[in-house]
Amino acid sequence: MPTSFYDYAYELEKALRKSEEYTSLKANYEAVLKDPPSKKMFDEFRMIQMTLQEKQMTGQDITEQEVQKAQSFAAQVQQSPKIVKLMEAEQRMSMSINELNKIIMKPLDELYGSMNK
């Protein structure tokens with residue numbers, strides 16, 4: 001039985017690893033890794049995404065050429081059933097984590113919300 005905040009966090013980690021969202025994500029990721037053309041395409045897609053995100057976060061301009069390259073590559077990725085399944089699983093996992101965050105933050109939201117009344 002958990003006795004501290006950290007114990008609860010580790011229990012949550014264990015539950016997350018057993019969740020359908022995580023097991024689906026893991027299975028779909030492993031399917032992409034086992035298929036060299038899909039893995040290469042996925043790795044390149046992620047690199048393009050990370051580069052654009054980094055530019056956005058640092059306030060750098062993203063060129064029209066970079067936008068077109070990203071859009072073109074995204075269209076190619078959409079043709080890969082394995083990558084599409086992985087991206088869908090990532091989306092479901094992200095939604096679950098967002099919901100967990102809302103639940104975890106509820107005490108603070110309630111505390112600070114009640115202070116503004």
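Distance check, rounded to the nearest 0.5 Å: CG of Asn28 to OG of Ser38 gives 11.5 Å. Here the straight-line distance linking atom CG of Leu33 with atom CZ of Phe42 works out to 8.0 Å at 0.5 Å rounding.
Contact of the Met50 side chain with the Phe45 side chain is not registered, since no non-hydrogen atoms from C-beta on lie closer than 4.5 Å.
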Checklist entry - Can you list the steps and then say if Glu11 with Lys14 is a side chain to side chain contact (heavy atoms under 4.5 Å, CB included)? => result CA-CA 5 Å; Glu11 289 296 316; Lys14 289 177 191 174; 3.7 Å; yes
Checklist entry - Going through the checks in order, is the side chain to side chain contact (heavy atoms under 4.5 Å, CB included) test met by Gln49 and Arg46? => result CA-CA 5 Å; Gln49 284 182 316; Arg46 295 295 289 207; 3.5 Å; yes
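With sequence neighbours excluded, the residues forming a side chain to side chain contact (heavy atoms under 4.5 Å, CB included) with Ile97 are Met93, listed by chain and number. Partners of Glu20 by side chain to side chain contact (heavy atoms under 4.5 Å, CB included), not counting sequence neighbours: none found. Listed by chain and residue number, Ile48, Ile62, Glu66, Ala70 satisfy the side chain to side chain contact (heavy atoms under 4.5 Å, CB included) test with Leu52 (two or more places apart in sequence, or in another chain). In this view, Lys39 and Asp43 satisfy the side-chain hydrogen bond (donor to acceptor under 3.5 Å, both in side chains) rule, not counting sequence neighbours. Taking Arg92 as the reference, nothing meets the salt bridge (charged side-chain N to carboxylate O under 4.0 Å, His left out) condition, with sequence neighbours excluded. Checked against salt bridge (charged side-chain N to carboxylate O under 4.0 Å, His left out), Lys18 has no partners two or more places apart in sequence or in another chain. For Glu13, the side chain to side chain contact (heavy atoms under 4.5 Å, CB included) partners two or more places apart in sequence, or in a different chain, are Tyr10, Arg17.
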Compile the donor-acceptor pairs under 3.5 Å between side chains in residues 99-111 and protein atoms, sequence neighbours left out, one pair per line.
from  : atom 1 : to     : atom 2 : distance (Å)
Glu99 : OE2    : Lys102 : NZ     : 3.4

Identify all side-chain donor-acceptor contacts of residues 71-82 below 3.5 Å with residues at least two apart in sequence or on another chain.
from  : atom 1 : to    : atom 2 : distance (Å)
Ser80 : OG     : Ile83 : N      : 3.4

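Within the structure, the salt bridge (Lys or Arg N to Asp or Glu O under 4.0 Å) test picks out no pair touching residues 23-34 (sequence neighbours left out). Counting only residues at least two apart or on different chains, no salt bridge (Lys or Arg N to Asp or Glu O under 4.0 Å) pair has a member in residues 68-79.
A distance-only check finds a donor-acceptor pair linking the side chain of Ser19 to the backbone of Leu16 [under 3.5 Å]. The backbone N or O of Glu54 lies less than 3.5 Å from a partner atom in the side chain of Thr58, making a donor-acceptor pair.
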